[in-house]
Trainee: 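Encoded as structure tokens, here's the structure I'll be asking about.
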Amino acid sequence: MSGNLGWVNKPLAQDLSERLGIPVTLTNDANAAAYGEYACGAGSDYKSVVLITLGTGVGSGIVLNGKLFEGNEGAGAELGHEVIRMDGEKCACGRRGCFEAYASATALIKQTMRAMEKDRQSMLWQLCGGDINKVNGKTAFDGAQSGDRTAKRVVSNYLRYLSEGLANIANTFRPEAILIGGGSARRERA
Ligand SMILES: [Zn+2]
């Protein structure tokens, strides 16, 4: 069902398959991205890869021995909702302390804003023209690159959160590669 599109029980894969004349399977965006990278992208040298996307949330897709692993009824493989801090930040899923609540771009923006509120002298204010609502997923990285101490601390903490989740993934699946995508991924080391 899609509330936005007004579809209820629409056999989308079948309809598309008939139109295109090729087999069609449906999955979510992060699963499709993981399989795409495995089939002909950054994961094509490996049999087992995990992909995570850092955006509004933390999406994930898992390919094990060449097969997409989605969990029962395609509802699993949600690594963004692994808890990395018990009783931590509230997550959109209703739990607290999820990886997503610390490592998504949305979380990084919140972390940046909080740090700015505590440090009115930080260069981060200049980087967003004095308007805290203009902070984006790049602001802290830009500040850190310019040497701002508060920005460096934000980035350093963010990378710790990210590492915590990645270590869980490595311990659980021991994939040959973990691929990181999404808006925040293309940042240089601060
Ligand atoms: Zn969650």
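Everything quoted here is computed from the prediction, not taken from an experiment. Each ligand, and each atom within it, is numbered from 1 in the order the structure gives.
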Trainee: Of the options Asp29, Asn31, Thr25, which is the one that meets Thr27 in a side chain to side chain donor-acceptor pair (under 3.5 Å)?
Mentor: Asn31
Trainee: Looking at Thr150, Asp148, Thr112, which hits side chain to side chain donor-acceptor pair (under 3.5 Å) with Ser122?
Mentor: Asp148
Trainee: Using the ring of each side chain (for Trp, its six-membered ring), is Phe141 parallel, tilted or perpendicular to Tyr158, with breaks at 30° and 60°?
Mentor: perpendicular
Trainee: Checking Glu89 against Arg114 for the salt bridge (charged side-chain N to carboxylate O under 4.0 Å, His left out) test, could you report, in this order, the C-alpha distance in whole Å, the side-chain angles of both residues, the deciding distance, and whether it holds?
Mentor: CA-CA 13 Å; Glu89 299 276 355; Arg114 275 186 206 154; 2.7 Å; yes
Trainee: Pick out which of His81, Arg95, Glu82 makes a side-chain contact (heavy atoms from CB on, under 4.5 Å) with Glu100.
Mentor: His81
Trainee: Sort by chain and number the protein N/O/S atoms found under 2.8 Å from the Zn ion (ligand 1).
Mentor: His81 ND1, Cys91 SG, Cys93 SG, Cys98 SG
Trainee: Using a 3.5 Å cut-off and no angle test, enumerate the donor-acceptor pairs between side-chain atoms of residues 37-46 and protein atoms at least two apart in sequence or in another chain.
Mentor:
residue: Glu37; atom: OE1; partner: Ala42; partner atom: N; Å: 2.7
residue: Ser44; atom: OG; partner: Gly41; partner atom: O; Å: 2.8

